[in-house]
Amino acid sequence: MKVGKLVVSVIAAVVMFFLYQLWLPTLSIAYVDGALFIGLCVIVACVLIGWWITGEYDEYNPVIPLISVAIVFVVLLGGAFVGSHALNSSTAYSQIGDIEEMSFVKDVVEIDNSQIPTVDIELAAKLADKKLGEDIGLGSQMEVGEFTNKQSVNGKLVYVAPLEHTGLFKWMSNSDGTTGYVVVSATNSNDVKLVREVDGKPIKLKYLDSAYFSSDLKRHIRSKGYRSVGLTEYSFELDDNGYPYYVVTTYTNKTIWGHPEASGVVVCDAQTGDCEWYSVNDAPEWVDIIQPESFIQDQLENYGRYVHGWWNPSDKDELSVTEHMTTVYNDGDCYYYTGMSSVGNDDGTVGFVMVNTRDKSVVMYRMVGVTEAGAMRSAEGEVQDMGYSATCPIPLNVSGIPTYFLTLKDNEGLVKSYAMINIEDYSIVGMGTSIAEAKRSYTNRMTSKGNSSVFTEEAYGYTKEGVVTRITANIESGNSYYYMILDNDKTKLYMASYMISEELPVTREGDKVKVSYIDESNGTISIVTFDNLELSQEISDEQQRKNEESTSIIEDSGNKVIEVNPEENAEIWNNLSEEEKAKILNDLSDDEK
């Protein structure tokens, strides 16, 4: 009898050991997975103890096992309740931290057309599979692993995924590691690389999700002293030299089994297995993602919901997170972006937030506009005869205008068109087969808006007189656009839609013209008004009607466009005393702080 009990006890211990190895829960009751596993171990142990203390001819007494089950159940249920939102609504509301309200135009940097992300994660996966398929021998042994969020490697936005084993037998034949990773540019679908060596040394990725036994990534990290540490968000990232690592977020719970908070990252060398932990503030600069997207999503939802505590039946002042959250880059930093809308308002936003993916600093831009889903429907409506589907939009600063940018893909997942949509007036949509064409179409839609205001944030408008030294016309999607250089200044290329003025088709080199435009930090300068000063004939009745019915974007009082005259400003500056100049510079320095 004792031998039988011993055998059963050993079998139970072996089963629990293998269960742990398969599950790899956190060995701490401070985490729900650890509490469940430890609770299960307690129940199994009590069942065996009850069996061992039962005599050879005594009937088995289930009291001890039943008591253990009841205690574990009460502890788990009680812990879940104590850590719930109902008792911790203030913690849930404030967990996201201080939210700073900023100006969209001043804070969101305009980016060059070539740096706008046009490849989403689904397209990146297709491109990577195609690239791997070009090497038949390699493609039969390995597969492209899971892509994580976009990351910046030496200032270039890319998607990165390791080569993974396709099964146990393939792992056994390549147990020293897979032979590289795939890099897909987020801005150029033709830029796809299969990287098989770094600094002249061949890559061997040994510690992976698809590896087995001690090479399994999570099992390996647990064995390195992290068995009782909360681990989540296993991201494959590259340092600025292209060396591969796994970055794993560590976290603690602010309440019992609830409201997780990132505490740092474990950086694991995917080749050697060396692991090192860094706090949030001390993580290497090349690490882009420390804060898990799921954590930020929950914290923003709690911030919007528990503004007046857990009990708020009227939903007073409550906000909800919009349907889509995406990763964006602004001025070199990585952010999670999502819109915020009033509860019950499915299509409109009250603003949007950007949360730093490293330190969780939050910025809100107050802005009444359309949600990401609404923008996607608007873009799809423009090409409904084509049946294209829109990708999740990202916010851009286009000449001081809050703008959604998105791509439209066909049924094969290939990008067929680009769209720019005004966040505050989603009837303004620019489409094109290139980003430049979409931007020109977008500018054309805005300038033809008449008295409608499109600049609700500050922008700067310029008026210039000059001599046309080069001009040419181009037809794109059936619309004529005129490109010109003034005063032989080849650093600035001015572009005007045919709808701006009837004088454009007859303008030639040598003509003196007067143009006004919104300040652009990069790319082609879009003209909003045009006047050929060499032409003195009367304008047509149609042009006269347009002039009377419409107001320049710069002149429209509903727009916050500040007119700038560089020559006049320089004259005023030169007439100031040194004390006055010093005071102005000091004030500007204080504003920047």
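Computed from a predicted model, the values in this text were never measured in an experiment. Hydrogens, waters and symmetry mates are skipped; everything else that's a heavy atom, side chains included, is used.
In R305, the CZ atom is not crowded: 12 or fewer heavy atoms of neighbouring residues, nucleotides or ligands sit closer than 6.0 Å. Crowding of W310 atom CH2: a count of heavy atoms from other residues, nucleotides or ligands under 6.0 Å not exceeding 12. No more than 12 heavy atoms of other residues, nucleotides or ligands shown are found within 6.0 angstrom of CD on E146.
Looking only at atom types and distance, the side chain of E261 has no donor-acceptor partner in the side chain of T252 under 3.5 Å away. D107 and Y365 form a side-chain donor-acceptor contact under 3.5 Å, judged by distance and modelled atom types alone. In summary, the side chains of T91 and N88 do not present any donor paired with an acceptor at a separation below 3.5 Å, with no hydrogens or angles considered. In summary, the side chains of T371 and T349 do not present any donor paired with an acceptor at a separation below 3.5 Å, with no hydrogens or angles considered. Inspection of the Y246 and S235 side chains reveals no N or O donor paired with an N or O acceptor under 3.5 Å. Between D425 and S427, the side chains place a donor N or O and an acceptor N or O closer than 3.5 Å (distance only, hydrogens not considered). S417 and T433 share no donor-acceptor pair across their side chains, judged by distance under 3.5 Å alone. E276 and Y278 share a side-chain donor-acceptor pair at under 3.5 Å. For the residue pair H259/T255, the side-chain donor-acceptor check at 3.5 Å is satisfied. Between Y243 and Q271, the side chains place a donor N or O and an acceptor N or O closer than 3.5 Å (distance only, hydrogens not considered). For the residue pair N312 and E318, a side-chain donor N or O sits within less than 3.5 Å of a side-chain acceptor on the partner.
When all heavy atoms of M340 and V321 are compared, the pair lying nearest together is SD-CG2, 3.9 Å. Counting all heavy atoms, side chain and backbone alike, N411 lies closest to G387 at OD1-O, 4.2 Å. Here the closest non-hydrogen pair linking P25 and D33 is CA-OD2, 3.4 Å. In terms of heavy-atom proximity, I289 sits nearest to E237 at N-OE2, 3.4 Å. The shortest non-hydrogen separation linking V158 to S185 is CG1-CA, 4.2 Å.
Taking the six-membered ring for Trp and thresholds of 30 and 60 degrees, F352 and Y337 have ring planes more than 60 degrees apart, a perpendicular arrangement. In this pair, W171 and H165 present their aromatic rings perpendicular. The plane angle is above 60°, beyond the 30 to 60° band.
The residues K409 and D120 are annotated as salt-bridged, a charged nitrogen and a carboxylate oxygen being separated by less than 4.0 angstrom.
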Using side-chain hydrogen bond (donor to acceptor under 3.5 Å, both in side chains), reason through E301 and Q297 one step at a time and then give a plain yes or no.
CA-CA 6 Å; E301 289 178 351; Q297 178 88 23; 3.2 Å; yes
Intermediate values then yes/no, ring pair (Phe, Tyr, Trp, His ring centres under 6.0 Å), Y426 and Y404
CA-CA 9 Å; Y426 68 104; Y404 282 129; 9.9 Å; no
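Pairs of residues two or more places apart, or lying in two chains, that qualify as side-chain hydrogen bond (donor to acceptor under 3.5 Å, both in side chains) and include a residue from residues 224-233 are Y20-R227. Under the salt bridge (charged side-chain N to carboxylate O under 4.0 Å, His left out) criterion, the residue pairs touching residues 180-193 are K156-D191, D191-K193, with sequence neighbours excluded.
For an aromatic pair to be called close, the ring centres must be under 6.0 Å apart, and Y31 with Y251 satisfies this.
The distance from atom OG of S223 to atom CG of L24, rounded to the nearest 0.5 Å, is 9.5 Å.
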